[in-house]
> 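After the structure tokens below, expect a handful of questions from me.
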2 protein chains.
Amino acid sequence: MNEEARGKAILKATPSELAPAEEIIAGNVVLLTKILARLPRKSIARFKSVSKHWLSLLSSIAGCGGDDLYKELWKACAGPLVDIPRVGERVLEASTNVEPNQRSPLFNPLNLPSQIICIVMDIQLRAERDTDEVYAVITLLPEQDQSEPTSPDSYPPEPLTPMLKSFCKVLTASDTISGFTVPQRLANECLPALDMNQQSPMQELIAKDLHGAEWRFKHIFRGQPKRHMLATGWSRFVSSKRLVAGDSVVFLRGENGELRVGVRRAAHRQSTMPSSLITIQSMHLGLPAATSQALAHQTIFTVPNKPRMSEFIVGLNKYLDAVNNRFRVGRRFKMRFAGEDCTIVGVEDLSAHWENSKWWSLRVQWDKAASISRPDRVSPWEIEPITCTLLFGVALRNPPDAR
Amino acid sequence: MNEEARGKAILKATPSELAPAEEIIAGNVVLLTKILARLPRKSIARFKSVSKHWLSLLSSIAGCGGDDLYKELWKACAGPLVDIPRVGERVLEASTNVEPNQRSPLFNPLNLPSQIICIVMDIQLRAERDTDEVYAVITLLPEQDQSEPTSPDSYPPEPLTPMLKSFCKVLTASDTISGFTVPQRLANECLPALDMNQQSPMQELIAKDLHGAEWRFKHIFRGQPKRHMLATGWSRFVSSKRLVAGDSVVFLRGENGELRVGVRRAAHRQSTMPSSLITIQSMHLGLPAATSQALAHQTIFTVPNKPRMSEFIVGLNKYLDAVNNRFRVGRRFKMRFAGEDCTIVGVEDLSAHWENSKWWSLRVQWDKAASISRPDRVSPWEIEPITCTLLFGVALRNPPDAR
DNA sequence: TTGTCTCCCGGCGGGAGACAA
DNA sequence: TTGTCTCCCGCCGGGAGACAA
């Protein structure tokens with residue numbers, strides 16, 4: 001979406017609520033950007049209380065609704081370890097914009113620094129229309145002060161999210177070729193209760209996915225011994241979403257009883273389909289060009305962000321946290337997402353064009369040979385020191401022994 | 001494909017045929033490019049006779065084979081009026097790289113001229129993996145002499161293409177829900193003859209599509225009156241390719257009897273799916289950035305080209321031909337592809353950033369209101385004066401009265 | 001010549017419990 | 001508790017000619 005269209009979309013969303021003065025500003029995102037760029041950073045975080053209209057302008061107007069349930073479903077589909085920055089937060093954007101395992105030439109024709117400090121102006125949580133793969137589109141405004149950060153920023157505490165019941169199940173072979181066996185806990189916590197007095201209890205469930213599409217499932221209680229199952233409608237869902245054994249489904253139940261359903265594909269099934277409308281070369285030049293333009297004119301620019309695929313943004317606090325750890329060659333770590341162990345075998349610049357960049361600065365070696373290709377370079381914030389706390393499956397952001 | 005990989009692919013293709021000196025050069029496409037850039041333009045066209053190895057290096061090594069049949073099938077799927085430049089030809093590339101009906105801001109941050117004269121170094125004819133939509137990836141080398149061309153270039157005559165039998169049929173409703181009724185002429189000209197002595201003649205046809213995938217069809221002769229039909233295998237093809245009534249299928253028969261099959265979707269069903277790996281903004285900045293870099297360093301760059309969708313390249317001779325026509329406001333024309341009539345209502349620059357650019361300089365008005373969106377701006381070479389010759393369905397490139 | 005209909009049969013998909021890990 | 005198998009029934013998809021444009 002280009003800037004002009006976005007301004008219009010926002011206006012359309014809440015036209016009657018806007019006071020005239022705000023309307024003029026809100027209608028022109030470029031103008032608003034310029035104003036915001038002149039304000040101290042902390043003001044942005046405070047907009048939340050200053051103006052609800054501006055908050056809505058700055059907040060996600062994403063996809064189908066942007067309601068709490070949508071956001072929770074998105075996060076559930078993205079996986080537990082994906083964290084997305086908040087609006088108003090300071091982040092670092094990697095202007096290299098190219099992953100090291102793609103063997104593309106790493107030029108730096110625009111002489112950009114290796115990373116740029118930005119404020120998050122907007123986050124849109126989206127899902128790929130055909131694969132349901134989740135991604136975020138993040139709108140950034142370059143900071144005027146680009147000096148290397150030293151101390152973490154402080155933000156108001158995250159508002160408490162409503163307690164939602166959710167459940168994720170990895171599909172078995174039987175689930176994909178026959179009906180879906182509903183685990184007991186999922187049935188108890190997330191599904192409306194069946195009337196067990198009836199001889200063959202049955203009800204129809206309606207669950208919305210990330211695109212707002214409704215899926216109808218016949219929820220029954222059968223088999224010997226009896227169990228909860230999803231029958232009619234389930235196979236349509238499986239084939240439409242092209243699910244196979246090993247993929248996961250997520251069920252989510254809102255406080256009002258509303259049901260949501262999402263999918264998460266097995267790690268090795270990630271699909272990237274570069275558009276034929278653009279070449280790889282142009283793709284790699286496009287984002288640096290946009291970044292450079294935004295940096296020069298202090299205007300917003302937009303970055304796509306695919307969890308686990310192409311992440312060019314890291315929260316400032318997370319960055320500081322990671323680089324303050326002393327990464328020695330030989331130290332053993334766990335990859336944040338893959339969950340596999342690896343060892344650091346070198347610390348070096350990704351490219352001579354960006355000296356002292358922390359992005360993909362760690363050369364690593366994996367313990368086990370894997371069928372799926374894994375990166376041989378990672379960024380400090382993508383890995384997790386192996387500590388005893390991990391044995392309990394708890395992924396702490398600040399493991400005590402790593403400081 | 002990046003440059004390094006391409007060099008390797010070429011080496012792999014004909015390793016034993018290459019003399020050592022050529023091998024070193026051919027292995028380094030960047031080096032070769034620099035050498036070619038120093039040569040006068042006409043030498044490029046003459047490489048055809050100088051070195052078969054270099055010709056193969058410069059020619060398409062596209063998709064699955066790049067054989068004649070593939071090329072002919074690609075052209076048949078693209079449609080009769082699509083013309084792709086030849087390797088060695090001079091073309092103009094629109095550095096605006098953005099279509100006027102997309103409402104994106106037309107900046108020119110790199111101060112590029114409105115068009116750049118290039119030599120075509122390579123053309124790869126490809127098809128979208130999931131939709132079979134055809135497109136070309138064209139590798140260009142900017143010319144050192146960028147002065148406005150005045151006289152057309154001359155090239156050796158196009159080598160005669162082998163006479164191939166081909167047939168295109170628009171699918172009826174019955175074709176998509178039941179078997180495919182083979183038109184008499186298609187059966188006679190393109191399919192192997194059935195043994196009509198048998199009581200129920202039948203044979204299996206194997207046809208390859210643009211991806212090299214083989215499709216098997218049971219070819220039978222039945223019904224009352226008798227007719228040729230494709231039965232078993234046909235419905236798989238229809239659902240795999242997601243064909244509906246109104247789409248077309250193309251059959252092609254090589255001289256050796258080899259069968260090919262392709263699809264062409266109805267005009268209003270064109271699908272564009274921008275990749276979520278890149279934003280629209282970056283996409284529009286990417287190609288200008290690549291162009292600018294190539295222009296500055298006299299290196300090759302690559303442009304994707306979708307017939308009827310996004311075409312940023314026009315042959316130099318075609319360009320001269322078109323701009324030498326006097327386009328008056330009020331003159332009536334036919335759109336090259338849509339086949340619909342329209343009237344020129346204005347001649348103006350697309351944007352103040354590119355003055356006197358011929359790209360999308362004609363503001364037009366369509367005779368009939370249409371359900372599908374049609375451009376309100378076209379380039380001079382995209383339209384065809386309405387002449388009596390068109391009544392015979394012959395699309396002349398240089399209609400005599402238009403000069 | 002070829003588009004559409006209807007009829008008819010066989011196979012496959014889904015709905016059920018059985019059984020075992 | 002839940003993954004997999006098998007059985008069985010109903011219906012839908014495809015294979016055939018009829019008929020008309």
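Chain naming here is simple, since letters A, B, ... match the order of the sequence lines and numbering starts at 1 in each. Atom set for the values below is all heavy atoms of this structure, side chains included, hydrogens, waters and symmetry mates excluded.
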> Using atom CE of A/Met229 as one end and atom P of D/dT1 as the other, report the distance to the nearest whole Å.
15 Å
> Do you know which of A/Arg216, A/Lys241, A/Arg129, A/Arg260 makes salt bridge (Lys or Arg N to Asp or Glu O under 4.0 Å) with A/Asp209?
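So, applying the salt bridge (Lys or Arg N to Asp or Glu O under 4.0 Å) to A/Asp209 and each of A/Arg216, A/Lys241, A/Arg129, A/Arg260, only A/Lys241 qualifies.
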> How does protein contact run along nucleotides 14-21 of chain C, one letter per nucleotide 5' to 3', with B for base contact, S for sugar-phosphate only, - for none, heavy atoms under 4.0 Å?
SSBBBBB-
> Closest heavy-atom contact between B/Leu73 and B/Val250?
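Minimum heavy-atom contact is CD1-CG1, 4.2 Å.
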> Using modelled atom types only, decide if a donor and an acceptor are shared between the side chain of B/Lys306 and the backbone of B/Glu133 within a distance under 3.5 Å.
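Answer holds: no.
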> How many whole angstroms separate atom NE2 of B/His228 from atom P of C/dT1?
9 Å
> Rounding to a whole Å, what distance do you find between A/Phe180:CZ and D/dG3:P?
9 Å
> If you compare all heavy atoms of B/Arg242 against all heavy atoms of B/Asp130, which two are closest, and at what distance to 0.1 Å?
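In this case the closest contact between B/Arg242 and B/Asp130 is NH1-O, 3.8 Å.
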> How many Å lie between NZ on A/Lys169 and P on D/dT1, as a whole number?
14 Å
> Tell me whether the side-chain N/O atoms of A/Ser174 come closer than 4.0 Å to OP1 or OP2 in D/dT4.
yes
> Between C/dT2 atom P and B/Asp175 atom CG, what is the distance in whole Å?
11 Å
> So which atom in A/Cys190 and which in A/Phe251 form the shortest heavy-atom distance, rounded to 0.1 Å?
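Where A/Cys190 meets A/Phe251 most closely, the heavy atoms are SG-O, 4.2 Å.
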